[in-house]
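Below: one structure, written as structure tokens.
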Amino acid sequence: MDPILERYQALEEKVLAYNPNLDTKLLYSAFQYADQQHSKQMRRDGTPYITHPLAVADIIADLKLDTESLLAALLHDCIEDTSSTHEDIARLFGEPVADLVEGVTKLSQIKYNSVIEKQSENLRKMLMAMSKDIRVVLVKLCDRLHNMRTMQYQTPKKQREKSLETMEIYAPIAHRLGMSQLKYELEDHSIHYLDPMGCKEIEDTLSSRFSRHQEFLANTQERIQERMKQEGIRCTITSRSKHVYSIYRKMFTQHKTLDEIFDLYALRIIVDNVPECYNALGQVHDMFNLVPGRFKDYISTPKPNMYQSLHTTVIGREGIPFEVQIRTWEMHETAEYGIAAHWKYKQGGQGAGSEQTYEWVRRLLESQQDTEAEEFVKSLKVDLFSDEVFVFTPNGEIKGLPAGSTPIDFAYSIHSAVGNHMIGAKINNRIVPFHTQLQNGDIVEIQTSKAAKGPSRDWLKLAKSNEARNKIRQWFKKERRTENILNGRSAFEAELKRNGLTMEEISTEENLPRILKKVQYNSLDDLYAAIGYGGMTSMKAVNRVKGEMNAIIKEQKEAAAVSDLLVEEQRDEVQDLHVKTNLPADEPKEKKRTVSKSGVIVEGVENCLVKFAKCCAPVPGDPIIGFVTKGFGVSVHRTDCANASPKARKTTAPGRWIGVQWAQQREQKEFRTTLEVYAKDRPNLFLDVAAALSAARVRTDGINARGLPDGYATVSVILCVKDRYDLETVVRKISSVGGVMSVTRGKG
């Protein structure tokens with residue numbers, strides 16, 4: 001029999017053992033489709049590619065998941081690595097299966113600026129799909145597990161990259177989902193490639209002690225089993241050694257030797273109900289000496305990933321410490337399989353599991369909506385990896401927070417409004433300062449007031465959780481935009497100066513659009529606001545600006561070199577023409593004046609494309625000057641524009657400034673320009689300015705007002721006029737409005 005087909009049949013038999021209602025025809029159809037799509041692809045170990053989807057489906061079957069999950073496992077690489085589309089899979093196997101495959105698929109067709117950005121967006125996409133259907137991450141974890149099992153065929157660089165990503169992202173996700181067996185295997189495979197020497201040292205030490213300790217565990221297990229039988233407690237007892245990475249982490253983070261790790265070995269006692277858990281615990285404590293401070297009751301206080309057990313560490317007659325875990329069969333299934341044991345789709349869509357347990361996925365995504373790639377990955381790692389502290393609300397509801405959290409974190413974990421209106425906090429009925437670190441079992445009460453002014457910027461330093469810090473930043477982003485713009489601009493310009501750049505350089509009409517695209521903001525004000533509220537650092541922004549400016553300067557030099565070469569070639573051609581026609585080469589020519597359709601005369605240039613600079617928006621009647629752009633004709637500036645000042649003309653391609661003037665006769669058309677109104681802030685200011693514009697009989701394309709912290713306000717107006725006379729009429733009308741201090745031409 002074909003080995004591939006034999007593996008498929010073994011998969012089908014495994015699934016039928018726990019799901020007799022399996023649609024075998026549909027499963028086989030998915031297997032055939034995947035086999036056909038991947039027929040020209042091979043794995044690194046030389047086997048046909050279909051062996052990988054089959055192995056992933058086999059791990060899914062170990063978790064006893066539903067048919068749609070199995071189909072998604074078999075098809076999970078089709079969209080990413082073959083010509084299959086979401087529509088193809090939806091048509092053949094249903095929309096839910098296609099959505100699962102799409103959720104697991106990486107964004108490989110998009111070009112990213114960095115590896116971190118690519119990793120971030122793929123993780124964000126996976127978590128978004130996971131928040132809608134938890135099965136997405138189950139398939140992804142099984143996919144990663146099989147890849148780690150076959151990592152020996154990859155290059156050393158790939159081994160380290162994938163192992164580090166697994167350790168930082170996927171193993172913690174498995175932990176948060178309560179899937180301990182999968183988590184342990186992912187960690188053990190990863191540490192094997194990240195620190196092979198340290199891993200081998202632990203394995204060798206465990207191997208040398210194996211026979212002696214196995215005998216000790218077997219004897220101890222037999223004694224406990226006999227005691228439980230005498231007490232009438234039905235139980236199953238198993239033993240295990242601590243996983244390699246768990247030992248590694250304790251040794252290297254807590255600077256311990258193997259002899260100082262008390263839970264190196266463990267016995268697991270599984271009983272029928274909760275009262276028998278505590279009864280069995282009493283028997284164990286009666287038989288062995290208890291190690292003080294090593295008892296944990298996760299039954300009365302479960303972990304956020306649903307884990308429940310009694311843990312105690314005792315010392316046997318041989319002086320060897322070992323851990324005893326006591327749980328029910330239901331707790332055991334949850335501990336081993338986590339989300340897979342309580343998942344709502346498991347029983348034909350009518351299971352008892354609730355996705356509310358995984359609300360942290362949605363909260364994480366919501367709090368990271370506006371963060372950049374690097375910050376998102378960093379925050380995700382912190383949220384997944386951090387140890388936790390468990391505290392209570394006054395109503396007895398338990399809250400899991402990162403270790404080191406303060407009342408600020410607690411307040412924002414309840415609701416954004418609670419955090420934003422917090423004025424005080426009590427821990428165990430005692431008033432405490434906001435920097436107080438919460439301890440396990442604390443009862444925390446938050447005092448709020450509608451009159452509260454909102455969070456302080458100092459809270460960003462006191463908050464431990466990324467959720468709290470992001471909610472504080474969002475408040476400042478929404479409520480303090482003007483202040484953020486001022487602070488952000490100051491920080492940005494100072495950082496520019498430290499890097500030898502100026503605002504004049506980056507804000508030119510040609511450079512600014514490229515700069516804004518590079519920093520990924522629509523305007524400089526948006527960039528300033530982001531720096532002001534902490535969504536972007538001035539250093540990171542200027543580094544991007546500097547990189548783009550270097551690229552612009554390089555392009556300008558290359559274009560100038562090409563332009564000089566063309567001019568030289570044209571000069572030679574003219575010289576040749578003069579020789580052939582016996583004309584003197586240096587005969588003076590009269591300058592031509594040509595009227596452009598735009599109504600501007602450009603000296604010496606015929607049929608020239610003319611555009612009006614957005615930085616100063618000139619209108620007929622303004623003194624103007626032209627700048628010859630590369631490929632976009634002549635850009636017309638006002639002579640009082642910062643980009644066309646005498647200093648700018650000397651430093652910015654001095655040979656490309658050209659004389660221009662308004663034509664005496666031109667088509668009657670409207671010219672777009674801007675005004676900035678500075679006034680005392682008062683009720684109806686905006687309406688009065690709008691009324692003045694209406695009285696001036698000009699077309700208004702946009703109007704925006706914002707208050708300033710000093711009691712004043714600015715109103716920005718975008719309008720269309722025929723010439724400077726119309727514009728002066730508008731200025732007079734607005735200047736007559738009560739409270740207006742000044743009306744000036746806008747900068748763009």
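We number each residue from 1, following the sequence as shown. Just the heavy atoms: all of them, side chains too, but no hydrogens, waters or symmetry mates, feed the values below.
For Asp62, the salt bridge (charged side-chain N to carboxylate O under 4.0 Å, His left out) partners two or more places apart in sequence, or in a different chain, are Lys14. Ser246 pairs by the side chain to side chain donor-acceptor pair (under 3.5 Å) definition with nothing, not counting sequence neighbours. Looking at residues two or more places apart in sequence or on another chain, you find no ring pair (Phe, Tyr, Trp, His ring centres under 6.0 Å) involving His189. Under the rule for a side chain to side chain donor-acceptor pair (under 3.5 Å), Ser405 has no partner lying at least two apart in sequence or in another chain. With sequence neighbours left out, the side chain to side chain contact (heavy atoms under 4.5 Å, CB included) criterion links Gln437 to Gln439. In this structure, Asp188 has no salt bridge (charged side-chain N to carboxylate O under 4.0 Å, His left out) partners at least two apart in sequence or on a different chain. Applying the side chain to side chain donor-acceptor pair (under 3.5 Å) test to Arg44 and every residue at least two apart in sequence or in another chain returns Gln154. Listed by chain and number, the residues in a salt bridge (charged side-chain N to carboxylate O under 4.0 Å, His left out) with Arg223 amount to none (sequence neighbours excluded). Residues satisfying the salt bridge (charged side-chain N to carboxylate O under 4.0 Å, His left out) test with Arg160, not counting sequence neighbours, are none. By the side chain to side chain donor-acceptor pair (under 3.5 Å) test, Ser300 is found to be paired with Asp297, residues two or more places apart in sequence or in another chain being considered.
At least one side-chain heavy atom of Tyr193 sits under 4.5 Å from a side-chain heavy atom of Gln152. When side chains are defined from C-beta on, Ile270 does not count as touching Thr328, because their heavy atoms never get closer than 4.5 Å. You'll find the side chain of Tyr184 stays beyond 4.5 Å of the side chain of Val244, heavy atoms only. When side chains are defined from C-beta on, Thr313 does not count as touching Phe322, because their heavy atoms never get closer than 4.5 Å. Using a 4.5 Å heavy-atom cutoff, the side chains of Leu460 and Pro455 are not in contact. The shortest side-chain heavy-atom distance between Pro407 and Leu438 falls under the 4.5 Å cut-off. In this structure, the side chains of Leu70 and Leu65 stay at 4.5 Å or more apart for every pair of heavy atoms. With a 4.5 Å cut-off on side-chain heavy atoms, Leu145 and Leu182 count as touching.
Note: His421 NE2 to Thr448 OG1 = 8.0 Å, rounded to the nearest 0.5 Å.
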Anything under 3.5 Å between a donor and an acceptor, one on a side chain of residues 422-432, the other on a protein residue two or more places apart or in another chain? List them.
from, atom 1, to, atom 2, distance (Å)
Asn428, OD1, Ile443, N, 2.9
Asn428, ND2, Asp442, OD1, 3.2

Would you list the atom pairs, donor with acceptor, under 3.5 Å between side chains in residues 279-293 and any protein atom, with sequence neighbours excluded?
from, atom 1, to, atom 2, distance (Å)
Gln283, OE1, Arg227, NE, 3.0
Gln283, OE1, Arg227, NH2, 3.2
His285, NE2, Thr312, OG1, 2.8
Asp286, OD2, Arg227, NH2, 2.3

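Relative orientation of the Tyr245 and Tyr248 rings is parallel, given thresholds of 30° and 60° on the angle between their planes.
Scanning both residues, Ile408 and Ala468, for their nearest heavy atoms gives O-CB, 4.4 Å. Taking both residues in full, the closest heavy atoms of Met179 and Leu138 are given as SD-CD2, 3.6 Å, listed atom of the first, atom of the second, then distance.
Around atom CD of Gln214, more than 12 heavy atoms belonging to other residues, nucleotides or ligands sit under 6.0 Å away.
Side chain of Gln308 to main chain of Ile299: a donor-acceptor pair is present (N/O by atom type, distance under 3.5 Å, no hydrogens or angles). A donor-acceptor pair under 3.5 Å is formed between the side chain of Ser180 and the backbone N or O of Ala335. Using modelled atom types, no side-chain atom of Gln325 and backbone atom of Leu267 make a donor-acceptor pair closer than 3.5 Å. A donor-acceptor distance shorter than 3.5 angstrom exists from the side chain of Ser413 to the backbone of Phe410, with no hydrogens or angles considered. For the pair Arg268 (side chain) and Val324 (backbone), a donor-acceptor distance under 3.5 Å is absent.
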>> Show, in sequence, the C-alpha distance, side-chain angles and deciding distance for Arg149 and Glu185, and conclude whether the salt bridge (charged side-chain N to carboxylate O under 4.0 Å, His left out) test is met.
In response: CA-CA 9 Å; Arg149 285 175 177 175; Glu185 189 174 349; 2.7 Å; yes

>> Under the criterion side-chain hydrogen bond (donor to acceptor under 3.5 Å, both in side chains), I'd like the reasoning laid out for Glu445 against Gln447: C-alpha separation, chi angles, the key distance, then a yes or no.
In response: CA-CA 7 Å; Glu445 180 182 353; Gln447 299 169 319; 5.6 Å; no

> Would Lys464 and Asp409 satisfy salt bridge (charged side-chain N to carboxylate O under 4.0 Å, His left out), going step by step from the backbone distance to the final call?
Replying inline: CA-CA 7 Å; Lys464 175 71 175 177; Asp409 299 285; over 6 Å; no

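Side-chain atoms of Ser69 and Asp66 form a donor-acceptor pair, as typed in the model, at a separation below 3.5 Å. Residues Tyr412 and Asn420 have side chains that bring a donor and an acceptor to within less than 3.5 angstrom of each other. A donor-acceptor pair shorter than 3.5 Å can be found between the side chains of His52 and His76.
Taking a cutoff of 4.0 Å between a charged side-chain nitrogen and a carboxylate oxygen, Glu165 and Arg144 qualify as a salt bridge.
Under the 6.0 Å cut-off for aromatic ring centres, Tyr298 and His311 qualify, their centroids lying closer than that.
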